[in-house]
Amino acid sequence: MALKSRGGIVKLRNLLWQIPALLVISMPLWWSLAVNFLIVQKTLVKHGAPDNSLEMRTVVMQQSNNGRDELLLHADRMYSKDDQRLIYMEKVKARLGDTARPVRVTCGESVYNTSQEIMTMMNNVEVINDDFVLKTVVMRYLSKYRKIKSAAAVQAVSRDMKISGTSFMYDLNNGDFRVGSRVHFELL
């Protein structure tokens, strides 16, 4: 089979090398269009509600119940993620209970579950009362019941005694204090 051109007959076998050569020579003209056509465009699709996250610095949070102060909290940073049920806090100082006999708590990090009303405090937790100083790794403040609990090792020191154990519970309503499991007691 043969094709006619201006200069004569062009054989089909000559087209086999002329077409690729023509594509290479004309590449600067069509290359950018081909690249744009072949790139998959990224599209961001959000499902559900828009971003509901929160972030604040140097925060003061106060919680009252029936005109009675329950919690006064200071945090260097407070934030949440899309699920605002959990509020995360850093470098926390809190006052729990009545203003007449408050319990002061400090910790490195804290997570407050708003639906369960439970604050979990972690990293060098110190509970300071007029009668004692308590140290533990992690504890929970159950604001609904006004109790502080922990299943971690604890050490409480007062003016004349030192108590350590593997768990504790402190009731802010009546001042009951309990250290449980493997309790060690020492008079100072």
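Side-chain contact between Arg77 and Thr58: absent, with no pair of heavy atoms (C-beta onward) separated by less than 4.5 Å. The closest side-chain heavy-atom distance from Arg57 to Glu55 is below 4.5 Å. Looking only at side-chain heavy atoms (C-beta outward), Val59 and His74 stay at 4.5 Å or farther from each other. Counting heavy atoms from C-beta outward, Tyr145 and Glu117 have side chains that stay 4.5 Å or more apart. Counting heavy atoms from C-beta outward, Leu73 and Gln62 have side chains that stay 4.5 Å or more apart. Using a 4.5 Å heavy-atom threshold, the side chains of Leu172 and Val103 count as touching.
No chain of hydrophobic side-chain contacts below 4.5 Å, direct or via other Ile, Leu, Val, Met, Phe, Trp or Tyr residues, connects Val133 to Leu187. Hydrophobic clustering places Met56 together with Met119 (ILVMFWY residues linked when any side-chain heavy atoms are closer than 4.5 Å, directly or through intermediates). Both Val111 and Tyr79 sit in one connected hydrophobic cluster of ILVMFWY residues. Membership requires side-chain heavy atoms under 4.5 Å apart, directly or through other members. Placement of Leu72 and Val92 in two distinct hydrophobic clusters is found when ILVMFWY residues are connected by side-chain heavy-atom separations under 4.5 Å, directly or transitively. At a threshold of 4.5 Å between side-chain heavy atoms, the hydrophobic network of Ile, Leu, Val, Met, Phe, Trp and Tyr places Phe168 and Phe185 in one connected group.
Rounded to the nearest 0.5 angstrom, Ser143 OG and Ile118 CD1 are separated by 8.0 Å.
Aromatic ring centres of Tyr141 and Tyr112 lie farther apart than the 6.0 Å criterion allows.
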May I have the list of side-chain donor-acceptor pairs in residues 147-163 shorter than 3.5 Å, sequence neighbours left out?
from	atom 1	to	atom 2	distance (Å)
Ser150	OG	Val138	O	2.6
Ser150	OG	Ala152	N	3.1
Ser158	OG	Asp160	OD1	3.4
Ser158	OG	Met161	N	3.4

Throw together a table of side-chain donor-acceptor distances under 3.5 angstrom for residues 120-128, partners on residues two or more places apart or in other chains.
from	atom 1	to	atom 2	distance (Å)
Thr120	OG1	Arg140	NE	3.3
Asn123	ND2	Glu109	OE2	2.5

Applying side chain to side chain contact (heavy atoms under 4.5 Å, CB included), run through Val105 and Lys93 and close with a yes or a no.
CA-CA 6 Å; Val105 179; Lys93 294 178 183 173; over 6 Å; no

Worked verdict on Ile87 versus Met78 for side chain to side chain contact (heavy atoms under 4.5 Å, CB included):
CA-CA 7 Å; Ile87 298 174; Met78 181 183 289; 3.4 Å; yes

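Each of Val179, Leu96, Asn129 was evaluated against Tyr170; a single residue qualifies, Asn129, per the side-chain contact (heavy atoms from CB on, under 4.5 Å) test.
For the pair Asn113 and Ser115, the tightest heavy-atom approach, listed with the atom from each and the gap, is OD1-OG, 2.8 Å.
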